[in-house]
Amino acid sequence: MRQSLVIGNWKMNGSLQNNQALLQGLIQGSDEALQKKMGVCVPFVYLQQIKDLLKNTVISWGSQDLSEQDSGAFTGEIAGSMLIDFGCKYAIVGHSERRSLYNESDELVAKKFAKAQKSGLIPVLCIGELLEEREAGKTENVVKRQLDAVINSQGIAALANSVIAYEPVWAIGTGKTAFPQQAQDVHAFIRQDIANRDATIAENVQLLYGGSVKGSNAAELFAMSDIDGGLIGGASLKADDFLTICQAA
Ligand code: 13P
């Protein structure tokens with residue numbers, strides 16, 4: 001039985017004051033069972049604050065990116081070992097905003113995935129197609145290509161200790177959520193593609209859906225058999241909305 005998981009991706013949002021109010025709201029509105037399903041991936045500079053505020057809870061936290069390098073002359077980069085120092089459990093890799101705005105290739109994402117695992121983090125690998133790719137009937141090709149970049153370089157066993165988030169790019173921040181069946185179809189394809197190489201890993205890997213998930217549509221998405229939870233952007237910035245989504249998982 002796969003454990004449900006809902007991760008808030010705060011993106012480049014937050015302030016010391018707002019983070020405190022948000023996390024206090026999450027803590028007050030949840031019991032331990034709910035907190036076990038909850039994670040937040042926050043801007044690097046707030047990791048110490050998040051570590052302090054969440055230390056007596058079972059809510060997990062992580063980063064939104066990491067360097068593919070270990071250490072050294074890489075100005076502006078953050079290493080996996082540094083994230084471990086701040087208690088991170090997860091590191092998002094390959095978010096579509098990093099792929100599109102910062103030109104991250106499938107190969108770079110695979111290196112970041114590997115570095116996260118080597119550092120002791122669980123990579124949350126984001127994959128998903130653009131609108132024009134969906135309209136051209138290429139959705140499955142695109143997610144398979146993005147997944148294969150990791151599997152072919154790291155081996156199928158690497159997926160055992162990872163989370164995969166399917167985020168159709170056209171659904172991110174647009175208010176246009178995939179229909180539950182549309183999302184389920186891609187999730188089932190991803191799980192089958194993994195099962196063709198390792199059935200046990202396919203059965204156990206958590207597949208999250210992301211893209212305009214809200215309190216009002218979370219339950220129907222999470223009811224789908226291959227959707228194990230969500231990766232939440234905008235709605236993770238309000239305690240009540242995020243709690244409603246976590247309760248639906
Ligand atoms: P929204 O929930 O704001 O659409 O963002 C989804 C996302 O990109 C999470 O990583």
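Order of appearance sets the numbers: ligands from 1, and atoms from 1 within every ligand. As the structure is a prediction and not an experimental result, all values here were calculated from the model.
Between Thr174 and ligand 1, no N or O atom pair is found at a separation short of 3.5 Å. Note: an N/O pair closer than 3.5 Å links Gly173 and ligand 1 by distance alone. Between Gly233 and ligand 1, an N or O atom pair is found at a separation short of 3.5 Å.
Between Lys115 and Glu68, none of the side-chain N atoms (NZ, or NE/NH1/NH2) sits under 4.0 Å from a carboxylate O, so this pair counts as no salt bridge. Note on Asp85 versus Lys51: no salt bridge recorded, every NZ/NE/NH1/NH2 to OD/OE distance being 4.0 Å or above. In this structure, Asp148 pairs ionically with Arg197, as a charged nitrogen and a carboxylate oxygen lie closer than 4.0 Å. Using a 4.0 Å cut-off between charged side-chain N and carboxylate O, Lys11 and Glu97 make a salt bridge.
Heavy-atom separations between Ser212 and ligand 1 include at least one value shorter than 4.0 Å.
Using a 4.5 Å cut-off between side-chain heavy atoms of Ile, Leu, Val, Met, Phe, Trp and Tyr, with links allowed through other members, Leu53 and Val42 fall into the same hydrophobic cluster.
Of all protein heavy atoms, the one closest to atom 3 (O) of ligand 1 is Gly234 N, 2.9 Å. Protein heavy atom in closest approach to atom 7 (C) of ligand 1: Glu167 OE2, 3.1 Å. Lys11 NZ, 3.3 Å is the protein heavy atom nearest to atom 5 (O) of ligand 1.
Side-chain contact between Leu125 and Leu147 is present, with heavy atoms from C-beta onward closer than 4.5 Å. You'll find the side chain of Asp65 reaches within 4.5 Å of the side chain of Phe44, heavy atoms only.
By the criterion of a heavy-atom distance under 4.0 Å, the backbone of Ala171, and not its side chain, is placed next to ligand 1. Residue-level proximity to ligand 1 for Asn9 is carried by the side chain, the only part with a heavy atom below 4.0 angstrom.
Atoms of ligand 1 lying under 4.0 Å from any heavy atom of Gly211, numbered from 1 in the order shown and given with element: 4 (O), 6 (C).
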